[in-house]
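By convention in this document, chain letters (A, B, ...) are assigned in the order of the sequence lines, proteins followed by strands, and residues within each chain are numbered from 1.
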Amino acid sequence: MPRYNPAEIEPRWQAFWERHKTFATPEMPDLAGGKKKRYILDMFPYPSGDGLHVGHPEGYTATDIVSRFARMRGDSVLHPMGFDAFGLPAEEHAIKTGEHPRIQTYRNIETFTRQLKMLGFSYDWDRSLATTDEGYFRWTQAIFLVLYDTWFDAERQVGRPIAELPIPAEIAAEGPAAIARYQDRQRLAYQDDALVNWCPALGTVLANEEVVDGLSERGAYPVQRIPLRQWMLRITAYAERLEDGLDELDWPAGIKKLQRDWIGRSSGAEVDFYIGDQASFAGWMASRQGKPLTDVPAGDVLRVYTTRPDTLYGATYMVIAPEHPLVDALTAPSQAAQVKAYRDQASFKSDRERTEGDRAKTGVFTGSYAINPVHGQPIPIWVADYVLATYGTGAIMAVPAHDIRDFEFAVTFGLPVVPVIEPPADANDRDQVLAGKACFVGSGKVIGSGEFDGRDSADVKAEITQRLAGQGLGREAVNYKLRDWLFSRQRFWGEPFPILHEVDAQGQPTGVKRAVPDDQLPVKLPELADFKPHGRPEPPLEKAADDWLYVTLDGVRYKRETNTMPQWAGSCWYYLRYIDPKNTHALIDPVKERAWMPVDLYVGGAEHAVLHLLYSRFWHKVLFDRGHVSTPEPFGRLINQGMILGEVEFTGYQNEADEWVSSRDVRRDPQNNRVDARGSAVRAVVVPEDDVEKAGDAFVLKADPAIRIDSRAHKMSKSRGNVVNPDAVVREYGADSLRLYEMFMGPLEATKPWSMAGVGGVRGFLDRVWRMIVDERADEMGLSPAVVDEPCDAEQARVLHGTIKRVTEDTESLGFNTAIARMMEFTNFFTRCERRPREAMEAIVTLLAPYAPHVAEELWQCLRGDERPASDCVSTRAWPQWDEAALVQSEIEVPVQINGKLRGKVMVPAGADEAVVLAAAREDQRIAEMLSGKTLVKSIYVPGRLVNLVIK
RNA sequence: GCCGGAGUGGCGGAAUGGCAGACGCGCUGGAUUCAAAAUCCAGUGAUCGCAAGAUCGUGCGGGUUCAAGUCCCGCCUCCGGUACCA
């Protein structure tokens, strides 16, 4: 009668845990007796209107198992959950319906919370937070003001209070306003004119991700790049520390590399090219001799950045970006019209667009020349958009013989290609390169470079830089691909900036800024009547009523900053707030911070590999410099859970006549449509599994084996209709089955296809565990008569302790799939036993508890009966220990190989020495037969593992 | 193009250089049942064989080793990311 019924027991145990606060986190970790603190964190979700996706519980279950396991081993565990709740969808919903984004956001949070609780996660819900909570973003604003109050001391590589910024005497002499301007230029949070994606048709500014091929993602309207005054965060100042800090982190190598590439450190040289006439070149050279390069290039030079100073002799032309400040100065009157046309055209394209597509090189000649300092020859200066204004100096020396991009450009415009590096003898297009007909980017022997000829190019690199430095023409330089972080959005649903702009009597900004005093935080969002865009590239907060917009402080009138922060802001520091979520005096209590930080395990999707993880590392380092946190890095160990794909689908193709076309013959035409071998269109058809069979390494139609069928799992998406809803899975199989299945699918990091049949499989396992312990035929809940109060026999003990050992080790190493397999083996074994000792049953239920906590609690209660105290539960039980002695077998089976092939097995006493085992192997009847008449060349015994006899 | 990751039964997957395919799904047979579901038991890489067993087998081609899914060299395919950063 009492069958396993998750729908009944799961809500009951969830209520139990909530009532007894089973998973409440201690304020401070208890480190007595060698216990550890464990901060186990999930990347918090954006609470979308669609609710939880099956991808979410994958990582959440993994961290929940780790957390429950750690608690059972006595560690102090902090395992919180919250919501990244600012964001565009809620605002778009508001624009459509007029409903305030807050209402929809909190409704979605409620849904998410219900779904998360439904899955039995052991979060301490009393620490839950949403980035949209006023009590939370009050501190997001405070941290922004820390950034605003900090400048980066490059010499010491540390962020310091702006008050400590040394003011040059000439600035100080100009007075307080000049000092303020000087300080503003050094702050980590500063304002600058940056290009934004302005979409006139939608009347809004879009994020880069919302722009596809120059058109808005929604509606496909044209998007323009227009300059707008923006808040920027000087993350580039921390580039070096962000890169160096990666070394100490226990993160996947792939993620570290992504971050390194994103930071993109390169080293080389800056070189000044004289742009005066050739007659004055010698004089200019002489005037530079022995002087250091100025920080701001003089007006008579074009400064370039190169990573290949060793190819300087091969520089045959120069390129400057269309936005380079010297474009006008360098444009000869005869070229003016062309240059202007080219720049106009380039201005409509974003950086992204300019670097997309077929990459055909475009550009125009400016009409002027620079002089190559190493040989004094003039080389033409071009304007081309393959050079970006925002990287390096916005200008390059082009070495077409040794740079692919320069080579393509030179070929397009017929510019000379002069090889200055001889490829190694085995390079396949060596002769082509030496003839100036091909490009070679490697290192080799230097040629055509005067005194450097014959040397290795790698050595020459440093030497040329040295010489240029001595001549006052160049210096070593480091560059980063990382750009400063554009931190403001023209959006309503984000954190307001705690910044005030002084206005004069006419309401015009004076340029003086002021931080909102700490005691006046948070700056709340104003109440707006409508959220519709107003058609100007200005933030929606401009529409706020004057009593919000204007503030008078100390008799001065200010207008509030009306941009809002991007969604990343709230997620940059939420891991700190969980430690001290209710603190109204500080973002975190330093004592608690020292006790709990850093995060010991951080699990989330790889899509946050660079942005979120880099941004929060940056904020953390600033907070570290300013004394708010004690660790240089926030996240010690990081794991990316793999993506869960939809069920495997079989896809066939049919042409317009409804005839099958083998997938082998299907390809994409230039418009990316599927076509057959003759080029006529085909359409994809879903084929039922029963209609296909495997033939060789592919699937074919049973009815016509000549027709190949594609078989693969796709990313879950609404449009494909293969999204699996966790609510439905819980309804049909239970939360424990969902948890168990997601862990059983394969390794946590792997991409894996969903299979509903697989969920049924783990549900079958839980049913078997249930029947192993519960008497299903009784009317009342009670123990199976097979469960007995007697000790395990030797074999049972070996299985029991072997299982404890393997499950413990696998759980420690996050090998959840194999840990579950071990528990299945245990269950298969003990189900066959007619006498199931209670100690074994209690142990398996305890091992199962982190994985399938609800059924474990129910079975625990059944095993313990009514004598247990009301608050007793398996979730707070001690994790079992295994007994090594129980694992020892008196006899072991050793496989015997002959020449590496398995030929037999012998039983030997455990711990028998090599001679005994080898003798036993040779005496085995079958082995002896195979040995007779042969010479035994070598005998190998791997203790306890195998014997290999090498014969001739 | 470049950078990651992965290729093992019908499927998901398991294997400190040491018995390839644990565990689960599916499938086959049997028990139970009036019957079915559920459950339990047995089998299940391929080929040959009545069987004992033999041969082959971890994307492909080489190599190292007594022994290779695992290590090395060279390829192929798929998935994901990325896009002229001088």
Need one value for [X]: base, sugar-phosphate or nothing, where a base atom within 4.0 Å counts as base even if backbone is also close, heavy atoms only.
X        : result
A:Val942 : base
A:Thr751 : sugar-phosphate
A:Asn817 : sugar-phosphate
A:Arg822 : base
A:Gln897 : base
A:Arg806 : nothing

Within this structure, what is the CD1-CG distance for the pair A:Ile379 and A:Asn372, rounded to the nearest 0.5 Å?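 Those atoms lie 5.0 Å apart.
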Distance check needed: [N] [atom2] versus [X] [atom1], whole Å only.
X        : N      : atom1 : atom2 : value
A:Ile404 : B:rA83 : CD1   : P     : 18 Å
A:Tyr386 : B:rC84 : OH    : P     : 13 Å
A:His402 : B:rC84 : NE2   : P     : 23 Å
A:Asp690 : B:rG10 : CG    : P     : 17 Å
A:Glu693 : B:rG10 : CD    : P     : 12 Å
A:Arg483 : B:rA83 : CZ    : P     : 12 Å
A:Leu258 : B:rG80 : CG    : P     : 16 Å
A:Arg260 : B:rG81 : CZ    : P     : 23 Å

If the cut-off is 4.0 Å, is [X] near the phosphate of [N], judged by side-chain N/O to OP1 or OP2?
X        : N      : value
A:Lys901 : B:rC56 : yes
A:Arg903 : B:rA54 : yes
A:Ser266 : B:rA86 : yes
A:Lys694 : B:rC11 : yes
A:Asn828 : B:rG24 : yes
A:Lys257 : B:rG4  : no
A:Arg768 : B:rA38 : no
A:Arg945 : B:rG17 : no

Considering Watson-Crick and G-U wobble pairs with both distances under 3.5 Å, what does [N] pair with?
N      : result
B:rG29 : B:rC41
B:rG61 : B:rC73
B:rA14 : none
B:rC19 : none
B:rG4  : B:rC79
B:rA35 : none
B:rA46 : B:rU55

More than 12 non-hydrogen atoms from neighbouring residues, nucleotides or ligands closer than 6.0 Å to CD on A:Glu893, yes or no?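 Counting neighbours around CD of A:Glu893, more than 12 heavy atoms of other residues, nucleotides or ligands fall under 6.0 Å, so yes.
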When the [atom1] atoms of [N] and [M] are considered, how many whole Å apart are they?
N      : M      : atom1 : value
B:rA6  : B:rU55 : P     : 34 Å
B:rG26 : B:rG12 : P     : 15 Å
B:rA20 : B:rG69 : P     : 9 Å
B:rG43 : B:rG62 : C1'   : 39 Å
B:rU39 : B:rG49 : C1'   : 36 Å
B:rU65 : B:rA15 : P     : 28 Å
B:rC72 : B:rG10 : P     : 29 Å
B:rU44 : B:rG9  : C1'   : 10 Å

Just wondering, do [Y] and [X] contact through their side chains at under 4.5 Å, heavy atoms?
X        : Y        : answer
A:Asp403 : A:Arg308 : no
A:Arg903 : A:Lys901 : yes
A:Val917 : A:Val947 : yes
A:Met772 : A:Phe829 : no
A:Lys481 : A:Tyr391 : yes
A:Ile951 : A:Ile898 : yes

Listed nucleotide nearest any side-chain atom of [X], set [options]:
X        : options                : answer
A:Lys905 : B:rU39, B:rC19, B:rA86 : B:rC19
A:Glu825 : B:rC84, B:rC23, B:rC40 : B:rC23
A:Phe744 : B:rC66, B:rA86, B:rG12 : B:rG12
A:Glu893 : B:rA14, B:rC19, B:rC66 : B:rC19

Is the A:Tyr317-A:Phe409 ring centre distance short of 6.0 angstrom?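 Yes, the ring centres sit under 6.0 Å apart.
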Map A:Ala253 and A:Tyr480 onto RNA chain B by nearest heavy atom, then report which one ends up closer to the 5' terminus.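 Here A:Ala253 is the residue nearer the 5' end.
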Which residue, A:Gly900 or A:Pro747, contacts RNA chain B at a nucleotide closer to its 5' end, judged by nearest heavy atom?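 By nearest-heavy-atom nucleotide position, the 5'-most residue is A:Pro747.
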Taking O4'-C1'-N9-C4 for purines and O4'-C1'-N1-C2 for pyrimidines, is B:rG24 syn (within 90° of 0) or anti?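 In terms of base orientation relative to the sugar, B:rG24 is anti.
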